[in-house]
Amino acid sequence: MQTEISIPISQHFNWEECLWYLDRGYDDCIYKVYPEKVRRAFDINRVKMLVEISHRNGSLSIRWLVGEPIETDINYIQKFVSAWFDLDTDLTPFYRLLSSNPSLAYMTENYAGLRFVGMPDLFESLAWCIIGQQINLHFAYKIKRRLVENYGDFVEYENARYWIFPAPEKIKTLPITELRALQFSNKKAEYLIDVADAFVRNILNKEILSALPDFASRQKMLTAICGIGIWTANYVLMKSLKEPSCIPYGDAGLLNALINHKIIKLKGDSQSINEFFNMFSGWESYLVFYLWRTLSERKNESKD
DNA sequence: CTCCAGGTATTTT
DNA sequence: AAAATACATGGA
């Protein structure tokens, strides 16, 4: 018996645009994009499932391809998908702000309906940041895949493997040498294992972080951990905790996008960056996401 | 060979 | 407090 649920969608939503973002030219091992749908595997309390997400009749449909979920599983996945594609936000105020800026107004057309694509799992998000620090994205995705395929689990369906990000319990036990073999640097290996250890010891998790009183204290808790600087803290807070006002200072891609849009001339001009983002108060994270989006160009679609 | 990539910690001024 | 530097490694 196949389970299926549907989540209603508000306006300014374009599924095709979201899917394109997921499949924008990098090799992310944690989901698979197909025409008009995406599949992703989950491990909920050691029960593995595979779901397919598609857009039907004005709603987002989640269909279980593998696994028979109980009610709590369904709630979990529904929340996860809502967070993944930021289904609860009304983009109208953001688009109004974009429209008021001549060099950004085009985004409301070109990326119309693109939702902030999140990383709901905090450990995965932190691990991804540590992997991605100071290396190019293609290489980062390669390393992520090695990590996941070596230490993660998978669900098999129609001769394809759908990988699940390894749990902190697993990563925590790895000797540094094993991660070195996957081309982690010594530091990255140390940082990742330490973060995994913090999760296992319940010093850090999404609940603890969310329970802190404000943004500043969340940043502080994260940056207190070795290997997590201001960039990672902001990245994780926007991607995983949906903080609306994150600016991942120093981000190479963001700086390039700002230069491309002639918002800054030099990468060190933090004053201009702050002045620029001040105009988008409350939507900084979304704007950063859209600026990142500009770094991947959609090829001309050939339609006859 | 050089420079950069969705940085961070450490050391030196 | 701010600036320089070491770290690691693939790809252009």
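Remember, predicted model here, so these are calculated numbers, not experimental data. Just so we're on the same page: letters track the sequence lines, and every chain starts at 1.
Across all strands, A/Arg24 comes closer than 4.0 Å to base atoms (heavy-atom distances). Contact annotation for A/Ile225: backbone-only contact, meaning every heavy-atom pair under 4.0 Å involves sugar-phosphate atoms and none involves a base. Residue A/Cys226 is in sugar-phosphate contact alone, with no base atom involved, counting any heavy-atom pair closer than 4.0 Å across all strands shown. Within 4.0 Å of A/Ile230, counting heavy atoms only, lie sugar-phosphate atoms of the nucleic acid but no base atom.
In terms of phosphate contacts, A/Asn256 brings no side-chain nitrogen or oxygen within less than 4.0 Å of OP1 or OP2 of B/dC4. Within the 4.0 Å cut-off from OP1 or OP2 of C/dA8, at least one side-chain nitrogen or oxygen of A/Asn186 is found. Not one side-chain nitrogen or oxygen of A/Lys188 sits closer than 4.0 Å to the OP1 or OP2 atom of B/dA9. For C/dA6, neither phosphate oxygen OP1 nor OP2 lies less than 4.0 angstrom from any side-chain nitrogen or oxygen of A/Lys187. Distances shown here put a side-chain N or O of A/Arg180 below 4.0 Å from the OP1 or OP2 atom of C/dT9. For the pair A/Gln133 and B/dT8, the criterion of a side-chain N or O lying under 4.0 Å from OP1 or OP2 is met.
The CD1-C1' distance, from A/Ile176 to C/dC7, rounds to 14 Å in whole Å. As a whole-Å value, the separation of A/His138 NE2 from C/dG11 P is 10 Å. One atom, CG of A/Leu137, and another, P of B/dC4, lie 17 Å apart when rounded to the nearest Å. Distance, A/Leu222 CG to B/dT8 P: 11 Å, rounded to whole Å. Atom CD1 of A/Ile228 is separated from atom P of B/dT8 by 9 Å (rounded to the nearest Å). Summarising the geometry, the separation between CD1 on A/Ile130 and P on B/dA9 is reported as 10 Å, rounded to the nearest angstrom. Between the CG atom of A/Leu182 and the C1' atom of C/dA8 there is a distance of 15 Å, rounded to whole Å. Atom CG of A/Asp27 is separated from atom C1' of C/dG11 by 16 Å (rounded to the nearest Å).
Of the two residues contacting DNA chain B, namely A/Lys267 and A/Gly227, the nearest-nucleotide position lying further toward the 5' end is that of A/Lys267.
With no hydrogens or angles considered, a side-chain donor-acceptor pair links A/Tyr249 and A/Asn274 at under 3.5 Å. A side-chain donor-acceptor contact under 3.5 Å links A/Trp292 and A/Asp251. In this structure, a donor-acceptor pair under 3.5 Å is present between the side chains of A/Tyr151 and A/Glu178. Side-chain atoms of A/Ser217 and A/Asp214 include a donor-acceptor pair closer than 3.5 Å.
Nearest nucleotide to the A/Tyr191 side chain, out of B/dG7, B/dA9, C/dT9: B/dA9. When distances run from any side-chain atom of A/Phe139 to the nucleotides C/dT9, B/dG7, B/dA9, the shortest one goes to C/dT9. Side-chain proximity of A/Thr232 to B/dA9, B/dG7, B/dA5: nearest is B/dG7. Among C/dA8, B/dA5, B/dT8, the nucleotide with an atom closest to any side-chain atom of A/Trp231 is B/dT8.
Counting non-hydrogen atoms of other residues, nucleotides and ligands closer than 6.0 Å to CG of A/Asn45 gives a total of 12 or fewer.
Judged by the 6.0 Å distance and 45° axis criteria, A/Lys32 is positioned over the aromatic ring of A/Tyr162.
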